[in-house]
Amino acid sequence: MVGRTGVVVGAIVVALAGFQLAGCSSDPNTNLPQLTGPRTVSANWSTADVESPVDMTVRETHYQLVGPHYSLGLAWVATGEALDDRDAGTLDINPVRAAQGDQLTVAAVDGSSTTAAFKPSGPIEVFAVVNGKTTLLRSLPLAATDYGAPAGNTQLIEISAPQSASVRLRVIDANQTEELDLRTGSTSGTGYQQAQSDANWQGKATGTLITGSPRSSQAAELEPSSQLPSTSNPGAVDHAELANYQEGIGWAPTGTEFLSVPLPALDLNCVGPTAFECLGTEDHFDNATALTFTPEGGAPVPARSEPQSITIGVSVAQTLDDAIFPVPANTKQGTVTFNLTGSQLVDDGTAEGAWTTAPQPFTLALSFS
């Protein structure tokens, strides 16, 4: 009887030893919390300081989605079974594993890419799309602390999905959708695109205007002023811009782009023995009649209609609103002509006269990369 008891006890010991051995050889990641759905977490570090995971496959990227009111870039994308304790500790976040049979994707949002061409009037929503199922990702895109400046903590996107599943980010801005494939980095939909060219106006002209009667005709000198930058944003660098979206107008029609040109700040001074008679007189013109853009090898395009006014005889150069032209898509070069021949002089709403000798046009040669 004793012998039989010894055999039973021995069998139990062997069984327990086998169970313990099996436990030691199992995947330690099975003890980590399982990701139940796409989410964002804060890494509490700036993008430059966030180290990528060691135990996952990492791709350094320049993936980016760009809209008129946001941009969303990724510094790296990592894939694997889990974000283990060591990697989670480095990132200062909680460890996590993919759902059974899934692959874990972790993407680090690049805080330095969170700029935008126009300030948003409301929140921009970002979605994770896994095999067609959408999930809103909180805290994206990162909010710029001082508009256009890098944001603070880096956000990490975590997604669990089968390796064969489509995994994308989707953003809707100004009623247009753009998507980024996290597997390949390819984008689809409509994103904001723009190119720039230096804008240095050339030309100086003298014309003769009538204010009231031929006897009080005055010579008026017009030239781009060196006193102020030639944009409505003093201190800004002067650039003409080609873009497929303009705030207040919307998206450019298919086959066209919007060319935005900063007009020169004008000195418009009366000279002659009776110069005081035209002081304070307003000169009104319409961008559509005063400005044309001629693309290389193409036909002239008038600017969009917008009234402009400048006061004659003031000592400080006056800035004007930018002119906007609808131009053919893929425009690379061209010339803007600013011609005030058709402008009218107005005093208290009454036409006082016009140019008898029209000033020569100003010109602006543009070249876009």
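Quick caveat: nothing in here was measured; it's all calculated off a predicted structure. Starting from 1, each residue takes its place in the sequence as its number.
Between Pro68 and Asp173, the closest side-chain pair of non-hydrogen atoms falls below 4.5 Å. In this structure, the side chains of Trp201 and Leu263 come closer than 4.5 Å at one or more pairs of heavy atoms. Thr337 places none of its side-chain heavy atoms less than 4.5 Å from the side chain of Leu291. Residues Ile172 and Glu125 fail the side-chain proximity criterion, which asks for heavy atoms closer than 4.5 Å. Under the 4.5 Å side-chain criterion, counting only non-hydrogen atoms from C-beta, Gln246 is in contact with Ile324. Between Leu169 and Leu140, the closest side-chain pair of non-hydrogen atoms is not below 4.5 Å. Annotation: side chain of Trp251 is in contact with side chain of Asn244 (closest heavy-atom distance under 4.5 Å). Put simply, the side chain of Val261 reaches to within 4.5 Å of the side chain of Leu364, judged on heavy atoms.
Summarising the local packing, CZ of Arg138 is surrounded by 12 or fewer heavy atoms from other residues, nucleotides or ligands at distances under 6.0 Å. Within a 6.0 Å sphere centred on CD of Glu81, heavy atoms belonging to other residues, nucleotides or ligands number 12 at most. More than 12 heavy-atom neighbours from other residues, nucleotides or ligands sit within 6.0 angstrom of CD on Glu247.
In this structure, CD on Glu241 lies 11.5 Å from OG on Ser197, to the nearest 0.5 angstrom. For the atom pair OG (Ser367) and NZ (Lys332), the distance works out to 9.5 Å, reported to the nearest 0.5 Å. Atom CG in Leu242 sits 9.5 Å away from atom CG in Asn330 (nearest 0.5 Å). Interatomic distance, Leu35 CG to Asn94 CG, rounded to the nearest 0.5 Å: 12.0 Å. Here the OG-CG distance, from Ser42 to Leu156, works out to 8.0 Å after rounding to the nearest 0.5 Å. For the atom pair Glu306 CD and Leu320 CG, the distance stands at 9.5 Å (nearest 0.5 Å).
Closest approach of Arg183 to Tyr63, counting heavy atoms only: O-OH, 4.4 Å. Closest approach of Gln163 to Gln103, counting heavy atoms only: CG-CB, 3.7 Å. Between Ala240 and Ala199, the closest heavy-atom pair is N-CB, 3.8 Å. Across Met56 and Leu104, no two heavy atoms sit closer than the pair CE-O, 3.7 Å. Contact record, Ala98 with Gln34: O-CG, 4.0 Å, taken as the closest heavy-atom pair. In terms of heavy atoms, Glu51 sits closest to Trp76 at O-CZ2, 3.9 Å.
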| said: side chain to side chain contact (heavy atoms under 4.5 Å, CB included), that's the test. Do Leu74 and Leu180 meet it? Break it down for me. | reply: CA-CA 10 Å; Leu74 302 181; Leu180 168 65; 3.9 Å; yes
| query | Would Leu83 and Leu91 satisfy side chain to side chain contact (heavy atoms under 4.5 Å, CB included), going step by step from the backbone distance to the final call? | reply | CA-CA 10 Å; Leu83 192 66; Leu91 296 170; 4.1 Å; yes
| query | Taking it one step at a time, do Val96 and Arg39 satisfy side chain to side chain contact (heavy atoms under 4.5 Å, CB included)? | reply | CA-CA 12 Å; Val96 69; Arg39 67 184 184 185; 3.7 Å; yes
| message | Is there a ring pair (Phe, Tyr, Trp, His ring centres under 6.0 Å) between Phe285 and Phe338? Walk through the geometry before answering. | response | CA-CA 11 Å; Phe285 67 91; Phe338 186 4; 5.6 Å; yes
| query | Does the pair Asp84 and Asn29 meet the rule for a side chain to side chain contact (heavy atoms under 4.5 Å, CB included), with working shown? | reply | CA-CA 7 Å; Asp84 60 21; Asn29 291 333; 3.9 Å; yes
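Although no hydrogens or angles enter the test, the distance criterion places no donor-acceptor pair under 3.5 Å between the side chain of Asp181 and the main chain of Ser186. Side-chain N or O atoms of Ser160 include one that pairs as donor or acceptor with a backbone N or O of Ala99 at under 3.5 Å. Judged by distance alone, with hydrogens and angles left aside, the side-chain atoms of Asp87 form a donor-acceptor pair with the main-chain N or O of Val54 at under 3.5 Å.
Residues in residues 98-107 take part in no salt bridge (charged side-chain N to carboxylate O under 4.0 Å, His left out) pair, two or more places apart or across chains.
Judged as a side chain to side chain contact (heavy atoms under 4.5 Å, CB included), and not counting sequence neighbours, the contacts of Thr256 are Ala252, Pro253. Under the side chain to side chain contact (heavy atoms under 4.5 Å, CB included) criterion, Arg170 pairs with Phe127, Val129, Thr134, Arg168, Thr177, Glu179, not counting sequence neighbours.
Taking the six-membered ring for Trp and the full ring otherwise, the centers of His239 and Phe368 sit at least 6.0 Å from each other.
A chain of hydrophobic side-chain contacts below 4.5 Å, direct or via other Ile, Leu, Val, Met, Phe, Trp or Tyr residues, connects Leu72 to Val77. When the side chains of ILVMFWY residues are joined at heavy-atom separations under 4.5 Å, either directly or via intervening members, Val171 and Val130 end up in a single hydrophobic cluster. No single ILVMFWY cluster, assembled from side-chain heavy atoms under 4.5 Å apart, contains both Phe258 and Val66.
Checking Asp286 against Ser305 by side-chain atom types alone, a donor-acceptor pair falls below 3.5 Å.
In this structure, Tyr192 and Phe118 have perpendicular ring planes: the angle between them is above 60°, well past the 30° mark.
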